[in-house]
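One structure is given below, encoded as structure tokens.
A note on names: the letters A, B, ... follow the listed sequences, proteins ahead of strands, and every chain is numbered from 1. Note that this is a predicted model, so its numbers are computed, not measured.
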Amino acid sequence: MSPQYWLVKTEPEVFSFDDLWRAPKRTTAWDGVRNYQARNYLRDQMRKGDQVLVYHSSCEETGVVGLARVVREAYADPTQFQAGHVHADPASSPADPRWVCVDLQATRKLPRLVSLGSMKTDPGLDGMLLLQKGSRLSVQPVSEAHWQRVLDLGLDNRS
DNA sequence: GCCAACGTTGGC
DNA sequence: GCCAACGTTGGC
């Protein structure tokens with residue numbers, strides 16, 4: 001199957017793209033996802049080699065800041081079993097883990113932030129899930145055309 | 001900080 | 001299964 005495209009959200013004050021960039025091997029466990037729809041995408045559809053837009057939410061400059069790729073497919077999110085952890089889930093058992101994470105590796109910082117505002121007004125991004133009112137999914141699929149358009153904006157290859 | 005929109009929980 | 005109450009997300 002050809003690679004799929006995704007967008008993941010993170011709050012930069014908690015974990016930013018630069019944090020990922022500076023991590024060993026530029027890789028981290030993308031843990032803490034606690035929404036069933038997002039979990040299902042991680043578990044059932046995200047595959048090694050898939051490409052990912054990293055989006056900063058709840059901050060001064062919201063938008064896509066960098067690119068990553070999936071380097072390990074879904075496995076049990078260890079934080080769900082850590083007592084006292086913000087993402088602990090006492091109802092989840094190791095025999096039947098409720099939550100999963102994948103490993104993401106940063107591949108490229110975008111030279112320009114692709115701001116939420118610019119995405120909303122770009123005709124090439126019409127219909128993008130992120131831009132729909134009330135959309136809160138922290139892991140969401142992105143079409144190849146939208147992926148390419150975001151890259152064009154972020155690399156300043158505007159036509 | 002405000003608040004709209006969405007998701008989850010739990011009583012009935 | 002319904003739905004009110006509560007919690008969370010996330011833009012502004």
When you check every protein heavy atom under 4.0 Å of nucleotides 2-12 of chain C, what one-letter string (B, S, -) results, 5' to 3'?
-> -----BBBBSS
Salt bridge (charged side-chain N to carboxylate O under 4.0 Å, His left out): pairs with one or both residues in residues 66-86 of chain A, sequence neighbours excluded = R34(A)-D77(A), R47(A)-E73(A)
Sequence neighbours left out, what pairs pass salt bridge (charged side-chain N to carboxylate O under 4.0 Å, His left out) with at least one residue falling in residues 9-25 of chain A?
-> D18(A)-K109(A), D19(A)-R22(A)
Sequence neighbours left out, what passes side-chain hydrogen bond (donor to acceptor under 3.5 Å, both in side chains) with S93(A)? Give chain and number order.
-> none
To the nearest 10 degrees, what angle separates the axes at the start and end of the helix from dG1(B)-dC12(C) to dC12(B)-dG1(C), five pairs each?
-> 10°
Quick one: ring pair (Phe, Tyr, Trp, His ring centres under 6.0 Å) partners of F15(A), sequence neighbours excluded?
-> none
With sequence neighbours excluded, residues passing side chain to side chain contact (heavy atoms under 4.5 Å, CB included) with N35(A) | Q37(A), A38(A), L137(A)
If a pair satisfies salt bridge (charged side-chain N to carboxylate O under 4.0 Å, His left out) and one of its residues is in residues 127-147 of chain A, list it, with sequence neighbours excluded.
-> none
Please collect all ring-ring contact (aromatic ring centres under 6.0 Å, His included) contacts where either partner lies in residues 99-123 of chain A, sequence neighbours excluded, each pair once.
-> Y36(A)-W99(A)
